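Working notes, structure below.
Because the structure is predicted, anything quoted here is derived from the model rather than measured.
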Amino acid sequence: MARAKAVHQPDLVLISWTRNPLVPGSPRRITAARVIGNAQPCTFTLVRNGLVINALNCLLDHDIGFRIVYQKNTSRVSGYILLQRF
């Protein structure tokens, strides 16, 4: 009898961000982050008011395996990024 194997589901990370509209060139900061699955070892970077660049640097590291699958600016100073681990 053949054994049924579970299909591995991809890990997803959704980051919502904003920047200070009063300071030109201010860094993007995380307003909310949601993880479906697992974001290890980068979970510590996905904190409210944390820098988006720090989270992306960790998640996009070649050994981690995340890629940006969608990103959208919702205004001049806010947006979101969806990453998936393949």
Side-chain angles (χ1 to χ4, degrees):
M1 184 188 283
R3 295 186 123 193
K5 293 184 180 181
V7 176
H8 176 69
Q9 297 297 317
D11 298 320
L12 299 171
V13 176
L14 179 63
I15 299 172
S16 175
W17 60 267
T18 189
R19 65 177 68 199
N20 186 341
L22 302 176
V23 180
S26 64
R28 295 180 296 174
R29 296 210 172 256
I30 297 171
T31 56
R34 297 293 179 261
V35 177
I36 299 173
N38 189 354
Q40 289 295 338
C42 300
T43 306
F44 72 96
T45 64
L46 300 171
V47 294
R48 186 165 164 62
N49 210 28
L51 293 174
V52 171
I53 192 68
N54 292 343
L56 289 179
N57 283 342
C58 184
L59 291 166
L60 296 175
D61 185 328
H62 296 292
D63 295 337
I64 306 298
F66 277 95
R67 286 188 275 174
I68 295 174
V69 292
Y70 190 77
Q71 58 184 340
K72 173 105 173 135
N73 290 351
T74 53
S75 73
R76 234 176 22 90
V77 294
S78 64
Y80 55 89
I81 303 168
L82 177 64
L83 299 102
Q84 180 178 4
R85 185 180 349 224
F86 291 92

**Report entry** Single-linkage hydrophobic cluster Val69~Leu14, side-chain heavy atoms < 4.5 angstrom
**Finding:** yes
Report summary line: Partner of Arg85 under salt bridge (Lys or Arg N to Asp or Glu O under 4.0 Å), picked from Asp61, Asp11, Asp63, is Asp11
Query raised in the report: Within the side chain of Thr31, is there an N or O that forms a donor-acceptor pair under 3.5 Å with the backbone of Ser16?
Result: yes
Query raised in the report: If you link I, L, V, M, F, W and Y whenever their side-chain heavy atoms are under 4.5 Å apart, who else ends up in the same group as Val47?
Result: none
Report task. Could you tell me whether the side chain of Leu60 reaches within less than 4.5 Å of the side chain of Leu83, counting heavy atoms only? Result -> yes
Report task. Measure across Leu46 and Ala55 and return the closest heavy-atom pair with its distance rounded to 0.1 Å. Result -> CD2-CB, 3.9 Å
Query raised in the report: Counting heavy atoms not belonging to Ile68, are there more than 12 under 6.0 Å from its CD1?
Result: yes
Query raised in the report: Is Ile81 close to Arg28 at the side-chain level, that is, under 4.5 Å between some pair of heavy atoms?
Result: yes
Requested in this report: Provide the closest heavy-atom pair for Leu51 versus Pro27 in the form atom of the first, atom of the second, distance.
Outcome: CD2-CB, 3.7 Å
Query - Any Leu56 side-chain heavy atom under 4.5 Å of Phe66 side chain - result: no
Query raised in the report: Ala39 and Val13: which non-hydrogen atoms are nearest, and at how many Å?
Result: CB-CG2, 4.0 Å
Query raised in the report: Of all heavy-atom pairs between Arg29 and Asn49, which one has the smallest distance, and what is that distance?
Result: NH1-O, 2.8 Å
Query - Whether Thr18 side chain and Ser78 backbone form a donor-acceptor pair below 3.5 Å - result: no
Query raised in the report: In the single-linkage hydrophobic clustering (I, L, V, M, F, W, Y; side-chain heavy atoms under 4.5 Å), do Ile64 and Ile15 co-cluster?
Result: yes
Query - Tyr80 with Leu59, same ILVMFWY side-chain cluster at under 4.5 Å - result: no
Query raised in the report: Mind checking whether Leu82 and Ile30 sit in one hydrophobic cluster, side chains of I, L, V, M, F, W, Y counted as touching below 4.5 Å?
Result: no
Report summary line: CD1 (Ile53) and CH2 (Trp17) are apart, to the nearest 0.5 Å, by 12.0 Å
